[in-house]
Amino acid sequence: MENKEIRVRFAPSPTGYLHIGSARTAFFNWLFAKKMNGKFILRIEDTDIGRHKENTINTILNSLKWLGINWDEGTDIGGNYAPYRQSQRLDIYKEYAQKLINEGNAYRCFCSQEQLREKRNQSIKTCKFYSYDRECLKLTGKEISDNINSGKKFSVRILVPKEKIITFNDNVYGKIQVNSINIEDFIILRSNGMPTYNFSAAIDDYLMNITHIIRGEDHLSNTPKQLLIYDALNFMYPDFTHLPMILASDGGKLSKRHGSISIESYKKEGFLPEAVLNYIALLGWAYDEKTTIFSINEMIEKFDLKSINKKAARFDYEKLLYVNGFYIRELEESRLAELIMGRLTGTNRFTRENLDFFKSKLPKIIPITKQRVRTISDYEKIALIFSGKISYSKNYGNKYFLQKEIDAKAIIRQTIKYLEEPSVHSFDAQNIEKALKKVAADFDTAFKNIAEVIRIAVWGEPAGPPLFETIEILEKNNTLLRLKNYIDFLG
Ligand code: GLU
């Protein structure tokens, strides 16, 4: 195997979005291919008709592309082992099923759904573990051809050897041994001509020369079945790595409740693909105890199948936000500005004029806001502060300040007076600070009280970006207008 080209594959069934778990599977395959100078293959496993939605193939492909996980061979770009979509490979599966039948390793099963249901019910009644009773294995050659000639439908079952010990090594779970006595003669080809997952995956992994299989732990129990097919066809085993589950932070099953989990939604919510990849790498693969941030090249260099953690990984949305914030701060400001503007233009929440103003001020806004931002969409709120029409909440009416014994109207009038003074001709943060401090002195109150009134008046909330700089960026006219509007609101 030493000189053999390394070939790995990601083989999604197009049943929904690409979520964090499958993205991790894809990424680990990709990292391993890059590290080993091998090939990464994208195969679509769409033979379970009924469960598949055509548009989900595109969603999955687009999510992978957005993450920057590209493939060397696949449905859209072809390759030496095409086609890469299982529904286009049905003849191949038929051919191998026939070969297995010819060699006595599989047989046709003519039992109808009803008959099988009846058999299952019988074993439930007698408290027996159900497995197919091999009724159709007993059919004579004549009975079989009569059945076929009369148009009777059949599926194909693999003939599982009795009490065979199936052994394989997994890079995460170690040596695994399973006795075939626990495996029934499972169906490999359904009566509608469609292969079952275990059969088509085994055939394709072999035909596509896959050397390493890296997939979710939920497939660990399928592996012995696939190996029975390998054995029956005399295929060499690939190398196996099953990735431990990803649990929610509370140890339960991961769901939307724990923060979004589809890659599509990360894109919509303003995550950066490089941050998502970095975070995904941390799910089950820890280079050491403390390193959190890795560049793609570092991840490729350091990735190792043997260092995947056996313990289930825990999904931590807060950490993902943290990593994303880190990557946002690392971005070149011009690139960040582009991403922000792209996002705002897509929302319909701003007029052209608002957007233009905001854009012109971005070089000043970014440095004072990016420390606290965790996703690009956080800029929607920031943009409202700088360029939207401010609407005041009832929570911040007269009563709010009355309780605090603060005369908000008087404070704002005084602020307007000082900001209008000719001495504030250079409307910059320093002069604005001086003016506001003078207001605090006049009212003989702590500066934070003044700041709270002004923040609410200027952008509707008691918290937000740095006050003086924000007012400077807003400019004199806008600021004065907002202060006056708030007096009107207070009535
Ligand atoms: N189609 C399978 C899935 O989406 C892939 C299993 C495998 O990688 O073998 O879970």
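None of these values were measured; they are calculated from a predicted model. What's counted below: heavy atoms across the whole structure, side chains too, no hydrogens, waters or symmetry copies.
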*Would Gln177 and Thr167 count as a side chain to side chain donor-acceptor pair (under 3.5 Å) if you check the C-alpha gap in whole Å, the side-chain angles of each, and the deciding distance to 0.1 Å?*
CA-CA 4 Å; Gln177 289 195 314; Thr167 307; 3.3 Å; yes
*Give the intermediate values and the outcome of side chain to side chain donor-acceptor pair (under 3.5 Å) for residues Asn278 and Glu274.*
CA-CA 6 Å; Asn278 186 146; Glu274 53 271 42; over 6 Å; no
*asked:* Run Tyr322 and Tyr279 through ring pair (Phe, Tyr, Trp, His ring centres under 6.0 Å) and show every step you take.
replied: CA-CA 10 Å; Tyr322 163 80; Tyr279 178 70; over 10 Å; no
*Give the intermediate values and the outcome of side chain to side chain contact (heavy atoms under 4.5 Å, CB included) for residues Phe386 and Lys361.*
CA-CA 9 Å; Phe386 286 97; Lys361 297 292 181 185; 5.7 Å; no
*asked:* Between Asn171 and Ile308, does the side chain to side chain contact (heavy atoms under 4.5 Å, CB included) criterion hold? Intermediate values first, please.
replied: CA-CA 8 Å; Asn171 287 317; Ile308 289 167; over 6 Å; no
_Show, in sequence, the C-alpha distance, side-chain angles and deciding distance for Tyr379 and Thr369, and conclude whether the side chain to side chain donor-acceptor pair (under 3.5 Å) test is met._
CA-CA 9 Å; Tyr379 272 98; Thr369 50; 2.9 Å; yes
_Set out, in order, the CA-CA distance, both residues' side-chain angles and the distance that settles salt bridge (Lys or Arg N to Asp or Glu O under 4.0 Å) for Asp204 and Arg9, then state yes or no._
CA-CA 10 Å; Asp204 285 348; Arg9 86 308 192 264; over 6 Å; no
*For Leu189 and Lys94, what are the C-alpha separation, side-chain angles and deciding distance, and is it a side chain to side chain contact (heavy atoms under 4.5 Å, CB included)?*
CA-CA 8 Å; Leu189 206 62; Lys94 257 183 210 147; 4.0 Å; yes
*Derivation and outcome, side chain to side chain contact (heavy atoms under 4.5 Å, CB included), residues Phe358 and Asn354*: CA-CA 6 Å; Phe358 186 67; Asn354 284 162; over 6 Å; no
*Check the pair Arg335 / Glu338 against salt bridge (Lys or Arg N to Asp or Glu O under 4.0 Å), numbers first and verdict last.*
CA-CA 5 Å; Arg335 171 90 187 107; Glu338 241 171 65; 3.2 Å; yes
_What verdict does the salt bridge (Lys or Arg N to Asp or Glu O under 4.0 Å) test give for Arg374 and Glu318, after you've listed the backbone C-alpha separation in whole Å, the side-chain angles of each residue and the deciding distance to 0.1 Å?_
CA-CA 10 Å; Arg374 302 201 296 175; Glu318 281 301 310; 3.0 Å; yes
*Stepwise salt bridge (Lys or Arg N to Asp or Glu O under 4.0 Å) test for Lys39 and Glu73*: CA-CA 8 Å; Lys39 294 275 184 307; Glu73 297 164 28; over 6 Å; no
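At most 12 heavy atoms of other shown residues, nucleotides or ligands fall within 6.0 angstrom of atom OH in Tyr17. Other residues, nucleotides and ligands contribute more than 12 heavy atoms inside 6.0 Å of the CG atom of Asn55. Applying the 6.0 Å contact sphere to NZ of Lys476 captures more than 12 heavy atoms from other residues, nucleotides or ligands. Lys65 NZ: more than 12 foreign heavy atoms inside a 6.0 Å radius.
Residues Phe240 and Val172 form no side-chain contact, since every pair of their non-hydrogen atoms from C-beta on lies 4.5 Å or further apart. Residues Ile166 and Ile183 meet the side-chain proximity criterion, which asks for heavy atoms closer than 4.5 Å. For the pair Asn182 and Phe129, the minimum side-chain heavy-atom distance is 4.5 Å or more. You'll find the side chain of Tyr130 reaches within 4.5 Å of the side chain of Leu116, heavy atoms only. In this structure the side chain of Thr75 reaches within 4.5 angstrom of the side chain of Leu61, judged on heavy atoms. Here the side chains of Ser265 and Phe271 are not in contact, with every heavy-atom distance at 4.5 Å or above. Side-chain contact between Leu207 and Arg89 is present, with heavy atoms from C-beta onward closer than 4.5 Å.
No side-chain donor-acceptor contact under 3.5 Å links Ser295 and Asn297. Between the side chains of Tyr266 and Asn324, not a single donor N or O lies within less than 3.5 Å of an accepting N or O. Side-chain contact annotation: Asn198 with Gln226, donor-acceptor N/O pair under 3.5 Å present.
With Thr56 contributing its side chain and Pro14 its backbone, the two residues share a donor-acceptor pair below 3.5 Å. Not one N or O on the side chain of Ser22 forms a donor-acceptor pair closer than 3.5 Å with the backbone of Leu18. At distances below 3.5 Å, not a single donor-acceptor pair connects side-chain atoms of Lys175 with backbone N or O atoms of Asn169. The backbone N or O of Thr59 sits nowhere less than 3.5 Å from a side-chain atom of Asn62 that would complete a donor-acceptor pair.
Geometrically, Lys225 engages Phe186 in a cation-pi contact defined by less than 6.0 Å to the ring centre and at most 45° from the axis.
Ring orientation note: the planes of Tyr197 and His219 are tilted relative to one another, at an angle of 30° to 60°. Under the 30°/60° scheme for interplanar angles, the aromatic rings of Phe447 and Phe468 are found to be tilted.
The pair Arg43-Asp205 meets the salt-bridge criterion, since a charged nitrogen lies less than 4.0 angstrom from a carboxylate oxygen.
Applying the ring-ring contact (aromatic ring centres under 6.0 Å, His included) test between Phe28 and each of Trp285, Phe303, Phe10 identifies Phe303 as the sole match.
For the pair Ala457 and Tyr392, the tightest heavy-atom approach, listed with the atom from each and the gap, is O-OH, 2.6 Å.
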